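Each remark here refers to the structure printed beneath this line.
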Amino acid sequence: MMHEHRSARPMSPSGHLQDTSVTEAAPESAAGWAALLAPRLAQFAAVARHEHVTRAALELGVPQPTLSRAVARLEADLGVALFTRHGRTLTLTKAGHDLRTAADRALGEVGRAAEAVRADADPSAGKVAFGFLHTMGPETVPELLREFRVDHPGVRFQLVQSYGEWMLDRLREGELDLCLTSPVPDDPDLVGRRLDEQRLRLVVPDDHRLAGRKRVRLAEAAEEAFVTLEPGYGLRRMTDALCAQAGFTPRVAFEGEEAETLRGLVAAGLGVALLPPPAVPRPGVVELTLTGQRAVREIGLAWQAGAVDTPPVAAFKKFLLGRRGRLLNG
């Protein structure tokens with residue numbers, strides 16, 4: 001009788017023959033171990049829970065030999081015995097107990113994360129991560145959400161207020177689903193849709209030399225100190241561009257992060273500012289209409305190009321796009 005020649009195979013820590021053809025080199029990092037072990041953790045956890053391969057195989061719906069080999073490979077990869085064999089019954093070793101504790105914790109986290117993302121995609125009770133400019137926080141966004149929730153009362157929102165460039169970066173990284181921003185982005189990795197516009201006004205203290213006027217050319221403020229948003233904000237770029245069109249570079253006395261703070265600085269007599277209309281009129285300032293140039297801030301809706309919307313995100317996007325031309329007041 002002819003016999004097929006086989007090379008000697010090493011024994012696993014459990015005493016089983018180990019098939020070296022499927023053994024991978026030991027990873028060199030925690031991330032490498034995670035990638036190697038993650039597919040096997042559920043199998044190991046089931047065997048550890050039952051301490052019996054047959055019952056664990058029935059629970060998982062896999063053949064018993066397949067599960068036995070998977071456990072043996074796991075022990076070989078780790079270089080430790082996870083079980084002590086007693087016939088058909090298994091008992092966890094100290095290493096097995098330690099791994100089971102970690103595996104249960106990890107699998108629990110994965111399970112909770114899976115349930116969370118499924119819940120966020122629920123059409124009636126999912127979540128929308130929505131960003132918007134600070135100036136839209138006092139009135140515009142609350143009113144939009146109130147209207148939307150009339151027909152979608154269970155949809156939840158993660159609300160983020162910031163400046164445009166920061167929010168666009170969050171869109172690119174997948175941290176936001178949608179944002180209302182200005183200017184409307186024109187980038188290949190983003191989609192932008194113009195929804196509305198706001199006229200910018202020259203805001204001066206109520207005792208300013210121009211305060212008695214209703215209309216003014218921006219060039220008439222060329223010698224004034226300006227209070228503006230910090231560089232990187234869309235409104236700051238508009239201020240610089242409009243002043244350049246009017247023939248001067250603004251002399252910036254104060255920079256801030258929020259339009260209403262700038263109004264407070266104007267009211268205190270610390271400068272003038274180019275701002276959109278306030279949600280609520282502020283005492284101590286006069287808001288002048290600009291003539292001679294188009295001074296408007298376009299507001300648009302942006303999202304990541306190629307993004308697949310969950311049902312709640314798709315519904316809110318449709319709602320916002322339907323508000324084109326009537327998104328804002330003032």
Side-chain angles (χ1 to χ4, degrees), residues 130-147 159-164 166-167 179-184 194-218 220-221 224-243 246 250 252-301 320 323-330:
F130 179 47
F132 52 92
L133 301 168
H134 286 99
T135 52
M136 310 192 73
E139 284 195 350
T140 300
V141 167
E143 180 61 21
L144 289 171
L145 297 181
R146 185 193 66 79
E147 292 183 26
L159 301 177
V160 177
Q161 285 181 270
S162 192
Y163 63 97
W166 186 91
M167 290 192 295
C179 73
L180 290 176
T181 188
S182 178
V184 182
R194 180 185 177 280
L195 295 182
D196 215 333
E197 66 181 33
Q198 292 175 307
R199 291 187 177 277
L200 300 182
R201 299 168 179 174
L202 182 66
V203 183
V204 302
D206 59 7
D207 60 354
H208 192 271
R209 62 182 177 84
L210 298 174
R213 304 265 297 275
K214 290 187 176 181
R215 301 177 184 274
V216 65
R217 289 181 175 270
L218 184 55
E220 296 180 68
E224 301 289 338
F226 275 73
V227 297
T228 73
L229 295 181
E230 295 177 350
Y233 285 71
L235 189 56
R236 171 61 180 271
R237 292 197 296 273
M238 293 177 202
T239 296
D240 292 344
L242 287 169
C243 289
V252 177
F254 293 91
E255 295 176 333
E257 298 180 344
E258 208 278 319
E260 289 311 301
T261 299
L262 300 187
R263 273 194 174 80
L265 295 174
V266 172
L270 299 176
V272 302
L274 282 175
L275 296 173
V280 178
R282 180 172 188 130
V285 300
V286 175
E287 312 226 354
L288 306 175
T289 299
L290 289 173
T291 62
Q293 61 191 124
R294 178 173 167 78
V296 298
R297 178 172 77 154
E298 292 188 339
I299 304 295
L301 180 66
L320 292 175
R323 293 298 184 276
R324 183 175 181 178
R326 50 193 182 92
L327 185 78
L328 309 168
N329 294 318

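Everything quoted here is computed from the prediction, not taken from an experiment.
Taking both residues in full, the closest heavy atoms of Gln293 and Leu242 are given as NE2-O, 3.2 Å, listed atom of the first, atom of the second, then distance. In terms of heavy-atom proximity, Thr140 sits nearest to Leu327 at CG2-O, 3.7 Å. Nearest heavy-atom pair across Pro183 and Gly234 is CD-CA, 4.0 Å. Residues Ala259 and Thr135 approach most closely at CB-CG2, 3.4 Å, considering heavy atoms. The two residues Leu180 and Met167 make their nearest non-hydrogen contact at O-CE, 3.4 Å. Across all their heavy atoms, Gln198 and Pro277 have their closest contact at CB-CD, 4.2 Å.
With Leu235 as reference, Leu200 is the one residue of Thr228, Leu262, Asp240, Leu200 to meet the side-chain contact (heavy atoms from CB on, under 4.5 Å) rule.
Under the side chain to side chain contact (heavy atoms under 4.5 Å, CB included) criterion, Arg209 pairs with Glu224, sequence neighbours left out. Remark: Glu143 engages Arg146 in a side-chain hydrogen bond (donor to acceptor under 3.5 Å, both in side chains) (not counting sequence neighbours). For Tyr163, the side chain to side chain contact (heavy atoms under 4.5 Å, CB included) partners two or more places apart in sequence, or in a different chain, are Glu165, Trp166, Tyr233. Evaluation of the side chain to side chain contact (heavy atoms under 4.5 Å, CB included) rule for His134 yields Gln161, Glu258 as partners, not counting sequence neighbours. Applying the salt bridge (Lys or Arg N to Asp or Glu O under 4.0 Å) test to Arg217 and every residue at least two apart in sequence or in another chain returns nothing. A search for salt bridge (Lys or Arg N to Asp or Glu O under 4.0 Å) contacts involving Arg213 returns Glu220, not counting sequence neighbours. Arg297 pairs by the salt bridge (Lys or Arg N to Asp or Glu O under 4.0 Å) definition with nothing, not counting sequence neighbours. Residues forming a side-chain hydrogen bond (donor to acceptor under 3.5 Å, both in side chains) with Glu255 (at least two apart in sequence, or on another chain): Arg236. Residues passing the side chain to side chain contact (heavy atoms under 4.5 Å, CB included) test with Pro142, sequence neighbours excluded: none. Every residue meeting the salt bridge (Lys or Arg N to Asp or Glu O under 4.0 Å) condition with Arg323, not counting sequence neighbours, appears here in chain and number order: Glu147.
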Sequence neighbours excluded and cut-off under 3.5 Å, please list the side-chain donor-acceptor pairs for residues 263-273, or say none.
residue: Arg263; atom: NE; partner: Glu287; partner atom: OE2; Å: 2.7
residue: Arg263; atom: NH1; partner: Glu260; partner atom: OE2; Å: 2.8
residue: Arg263; atom: NH2; partner: Pro276; partner atom: O; Å: 2.5
residue: Arg263; atom: NH2; partner: Glu287; partner atom: OE1; Å: 3.2
residue: Arg263; atom: NH2; partner: Glu287; partner atom: OE2; Å: 3.2

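For residues 271-280, the set of pairs meeting the side chain to side chain donor-acceptor pair (under 3.5 Å) definition, not counting sequence neighbours, is empty.
You'll find the side chain of Arg201 stays beyond 4.5 Å of the side chain of Leu288, heavy atoms only.
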